Amino acid sequence: MAEPKTKYDRQLRIWGEQGQAALEKASICLLNCGPTGSETLKNLVLGGVGSITIVDGSKVEFGDLGNNFMVDDSSLGQSKAKCVCSFLQELNDAVKAKFIEEHPEALIDTNPSFFSQFTLVVATQLVEEFMVKLDRICRQENVMLIFARSYGLTGLVRISVKEHTVIESKPDHFLDDLRLNNPWPELRGFSEAIDLNVQDPVAHKHIPYVVILVKMIDEWKISHGGTLPSTREEKRELKELLKSRMAAMDEENYKEAIDASFKVFTPREISSDLQQIINDNCAEVGTGSSDFWVMVAALKEFIANEGGGEVPLEGSIPDMTSSTEHYVHLQKIYQTKSEVDYHVIDERARNILKKIGRDPHSIPKATIKCFCKNARKLKVCRYRPIEEEYSNPSLAELQKYLTDEDYSIAVGFYILLRAVDRYAANFNHFPGQFDGGLDEDIPRLKTTAVSLLNDLGCTGLTLTEDLINEMCRFGAAELHAVAAVIGGIASQEMIKLITKQFVPMSGTFIFNAIDHNSQLLTL
Amino acid sequence: MASEEQISAIKRAKVLMVGAGGIGCELLKTLALSGFQDIHIIDMDTIEVSNLNRQFLFRQSHVGQSKAKVARDAVLRFRPKISITPYHANVKESRFNVDFFKEFDVVLNGLDNLDARRHVNRLCLAADVPLVESGTTGFLGQVTVHLKGKTECYECQPKPAPKTYPVCTITSTPSKFIHCIVWAKDLLFAKLFGDKNQENDLNVRSSDTGNSSEHSADVFEYRKDEDIEQYGRRIYDHVFGHNIEVALSNEETWKNRNKPRPIYSKDVLPVKMTEKNGDTEKDCATGDVSVMAFLSLKNPQDIWSLAENSRVFLEALRLFFSKRLKDIGNLTFDKDDQLAVEFVTAAANIRASSFGIPLHSLFEAKGIAGNIVHAVATTNAIIAGLIVIEAIKVLKKDNNNYRMTYCLEHPSRKLLLMPVEPYEPNKSCYVCSETPLSLEVNTHHSKLRDFVEKIVKGKLGMNFPVIMQGASILYEVGEDLEEDMVAIYAANLEKAFSELPSSVISGTVLTVEDLQQEFSCSINIKHREEFDEEKEPDGMVLCGWVEAPVDKDNNKPIGNGESTSNALPSEEKDVEIQEMSGGTETVTGKKRKLSEVDESKKQKKPEKLDVDDEDDELVISDDWESLAKKNRV
């Protein structure tokens, strides 16, 4: 039988067949296959990514045996890329695995067009100079890029993509879309046909709370000049009113209505996140616009016209105490409305496509349907070019981080991770890399860090001695446990990027293994 | 860069890993590469195909072998010089007693069920060995450290109780697909293929009031010379036709409900099915018997029609009787048993059509029936890395730096990992602080057996309990008991509390002990006459520790039917916190910062994820619990 379906059963439950298909189509390029790179790739190979290409020019040395699980005694002296590649191939024969024995830095300098063939490049343990160069190449070629680095007890992960749009952002807590304070005619009609004062106690306790709230809000509005409850006092009053209509203390449906009454108070407006997307320049579509922005443009028109200020109805309703009959009927009312809304968006999207000279059927119906269902949850992520961030970070943010207790260690590591690269460029080794050099290296690293801060415009601010000492003690070691964490996080973000599901993190993720703290820095 | 002292602490350390699954594989590898040299590993499971997407030490060729042993061999191949001792065994076996646990410097859990976690927690407390506990579901995960007397123990926070359904909902008035699944799995499947001596609430008599025949026959009895399809159709007509008719005759039940529709096989499948012999023989050779392959149903995500479900039902039954006859009588439902999943899916769907409940695909049904929790390699890798970092701190006795870390799915508050300082032991925890519990029970009606099964084993998680009133022993489980004592205990089990040799009435204090776990607690008995059948199906209520601050806002909005996990509570996320009754300010939809929440609600914190990759014993996973929460007529 369908073997892969069984093998991937547990993850299909997270990202579905669509997500899995995207993963199986993706081709990944890994730069440097030390423990961080190997661990990152291992997680993707297990999940069934389409193809991998490992670029590493080094040979397996004795030291690699201590931190990389994918090489052993017999690999000594061989190409590291080859050994890691064959280990990974063993994990999953559905993955096309190849390797290139070459230093990534050389490839970046001599053959930039090499990278254009990939869906995503994951660059590990790369120093700043080459991060900047690679970032430029990948942006040019429209290839997604992610950096991962483990350094002693710290490490970073940073995504770099011009723009990443997400329809299925899958937030785990999101208010349902019931339109209780703005029922459309069918919902209102259904509610009106139900008598809240029905004598039969069994019928009374099985009126769905949606109906109770729709009707009670109408009643409330009549006695309050047409306005919704807004003050705390009024909200309490509405709850009291609901309570007073209970026929018995154990009526679950009324309890649910009281618990859900806050849904009525939520003002009827689209979220600021969504507003921002609609107002984005990209929503003014043209020939080069992506499907996502075409659909956003259709959504914008919908909100301004048929939607009357609202997005397409999602169409699902939560579980609630109700007679099966009422529940099924309600379900149908919500579904029908969401169908109607979808057709409007569909129509509008096709018109827009026509207008910009594209095939009006070039966006599949299923995609538009999915877009409608998730209209309230759309996300657009944009990442600054590395070069821009490094030469011109947001000074206000940087100063805030440096003086904020919660962030000071993370930003300290952020600065020091850059400082060690400068240091290495000057002294041809990383601080603390060689035994007995600490006394000399510590002040040098400090000077380097201070001058870096100066260059960034943070004069007068400095890092704690402790942190600098700690960084020197790391001696650029790539510890397996830290690499496993960084590799795990990097691969997780890669899955989000490839499947276009969930929201990848913004900014630079800094891990601090000393106390398991981590922060995202947006600079 | 590690200090000499740290390196030697790691080298000297003897660690016990419990579980060699998703987290376990990653953990064993990370331990080996972090310098640990003496690792013991217990796991009772064997390798399944569905493990291969993340348990990277295993290959296709290892399917069916011991996880602990294969994991050991795989790691030794790369690190031949270290010592790894595997135990292909259940951690609850008596050889893993307190003395065994005392040999270790730290215990690391990568388990998949509440029961085993609680067991290990108690042994660690009794042996005074630090425990690093962990769990993952989908992109979520957590690592926590437990040291006796210093931090809270694993059981200091109440755990969500397994979801149970009132019997009548399952047997006669299902309103959700989950009810149909429970019926198909726990009643029908168990009745047909399981232990015949198990109690079962399924009606198997062809006639309830049958005064015509003296013995109304058990229709499930398979007659030796019977045609298997005929047998299948008889079962089919009985459970989907006859039993529904019987239920319909009770008109009171259907006053406010939609009436179910009886379904008979001849209406759905009028023609006798033809046998395609060739195909089945081939399947049999590979060992995996599957109806889907046989009926050319390819996609497990498709929803089958009533006719297709009926065919699968009959075909699966036939395959069980023709190809797996030796299994019948001792099968329990296993989510990795393809044929069992097919049978349960079909049976649940046919029942669902009868009750007007939407049908589901095999993929979905399998998820519900097997309580399958999402699992992915990335999270396990992160969590295993964190476990090792934490274990090293424990070995260094770096008390101030212990952290409980939660791995979040949506780093919306700029936190992907959320570390929290460990909490102090809960003074009212019955496991680590010896606080008495109390039990409300009808002492005239409830039997000692109910107490042992539902409370002592079910709620308190004991395996070898001894129940005492003062100095007299009412009940004991053990290997070397005198025969006459065994008889007395067996007799006691059938007695109501008040009828026991030393009568147990309101005010009595019982002592319950587990000798293996070296754990004991006392329970104050309170008599209560009535219990709500729906809300208190056990007929008794255990309170005390359970009343500790339980998260009250369970009614937070749950996704939108989205199938991603939502196991962490709202406090830790950038979500809209609903208005809290009695709060000092109205915070409708107001976003709160972690720090604020942290200070105002210190005792509230992330629920632990009891779940993990493979999970047989746990409850119903969150999504389903929320769906199944409400009762509907």
Side-chain angles (χ1 to χ4, degrees), chain A residues 1 5-11 13-14 17 39 42-43 46-47 67 69 72 91 152 170-176 202-203 206 232 235 259 262 265-266 314 316 319-325 327 473-475 477 480-481 484-485 487-489 491-492 503 505 509 513 515-520, chain B residues 1 29-30 33-34 49-50 52-54 56 78 138-139 175 256-258 290 293 300 367 374-378 381-382 384-386 388-389 401 403 405 409-411 414 416-417 419 555-557 559-564 566 570 573 575-576 578-579 586 588-589 613 627 629-633:
Chain A
M1 238 212 28
K5 286 210 165 118
T6 318
K7 182 154 99 182
Y8 301 134
D9 182 277
R10 301 304 186 266
Q11 66 197 42
R13 291 170 198 280
I14 304 177
E17 292 204 339
E39 290 295 317
K42 178 200 78 195
N43 300 330
L46 287 168
N67 66 9
F69 189 72
D72 60 22
L91 292 179
K170 301 192 171 176
D172 40 13
H173 296 273
F174 210 79
L175 215 51
D176 38 26
V202 179
H206 288 101
R232 218 176 116 215
K235 289 172 184 175
D259 286 342
F262 74 95
F265 311 147
T266 328
E314 206 165 273
S316 52
D319 192 22
M320 63 190 77
T321 303
S322 161
S323 64
T324 309
E325 202 182 336
Y327 188 78
R473 270 199 298 276
F474 293 164
H480 187 81
V485 173
I489 289 169
S491 49
Q492 194 147 308
V503 187
M505 50 193 192
F509 172 85
D515 68 355
H516 285 192
N517 221 325
S518 72
Q519 295 289 0
L520 269 174
Chain B
M1 53 150 273
K29 170 213 68 181
T30 305
L33 289 177
S34 300
V49 175
S50 60
L52 302 179
N53 82 326
R54 61 194 183 286
F56 75 102
F78 289 85
F139 287 148
S175 56
N256 280 291
R257 293 182 170 95
N258 281 345
S290 156
H374 322 133
V376 48
T378 55
I382 300 172
L386 296 178
V388 173
I389 296 170
N401 278 321
R403 292 290 180 274
T405 308
E409 177 174 0
H410 295 278
K414 320 227 155 191
L416 187 74
L417 299 176
N555 42 15
K556 61 200 162 213
N560 291 292
E562 223 77 289
S563 67
T564 53
N566 40 30
S570 52
K573 303 226 181 98
V575 293
E576 302 183 330
Q578 299 168 29
E579 189 175 7
T586 312
T588 310
D613 33 19
L627 283 174
K629 189 176 65 187
K630 304 293 167 59
N631 47 328
R632 177 170 311 139
V633 283

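Owing to the predicted nature of the structure, the values given are computational and were not obtained by experimental measurement. In the text below, chain A, chain B and the rest are named by the order of the sequence lines, each starting its count at 1.
Here the closest heavy-atom approach between residue B/Lys29 and residue A/Ala484 is recorded as NZ-CB, 4.4 Å. Looking at every heavy atom in both residues, B/Ile389 comes nearest to A/Ala513 through CG2-O, 3.5 Å. Across all their heavy atoms, B/Ala381 and A/Gly488 have their closest contact at CB-CA, 4.3 Å.
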Problem - Trace of the side-chain contact (heavy atoms from CB on, under 4.5 Å) decision for B/Arg54 with A/Gln11 - result: CA-CA 9 Å; B/Arg54 61 194 183 286; A/Gln11 66 197 42; over 6 Å; no
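Not counting sequence neighbours, the partners of A/Glu17 by the salt bridge (Lys or Arg N to Asp or Glu O under 4.0 Å) test are A/Lys5. For A/Asn67, there are no side-chain hydrogen bond (donor to acceptor under 3.5 Å, both in side chains) partners, not counting sequence neighbours.
Remark: A/Leu46 CG to B/Thr378 OG1 distance equals 10.5 Å, nearest 0.5 Å. In this structure, CG in B/Asn53 is found 11.0 Å from OG1 in A/Thr6, a value given to the nearest 0.5 Å. Of the inter-residue distances, the one linking B/Ile382 atom CD1 with A/Ser491 atom OG reads 6.5 Å to the nearest 0.5 angstrom.
B/Phe78 and A/Phe69 have tilted rings, their planes meeting at an angle from 30° to 60° on a 0 to 90° scale.
Contact check for A/Arg10 versus B/Ser50: side-chain heavy atoms found under the 4.5 Å cut-off.
For chain A, the nearby parts of B/Thr30 are the backbone and the side chain; heavy atoms of each come within less than 4.5 Å.
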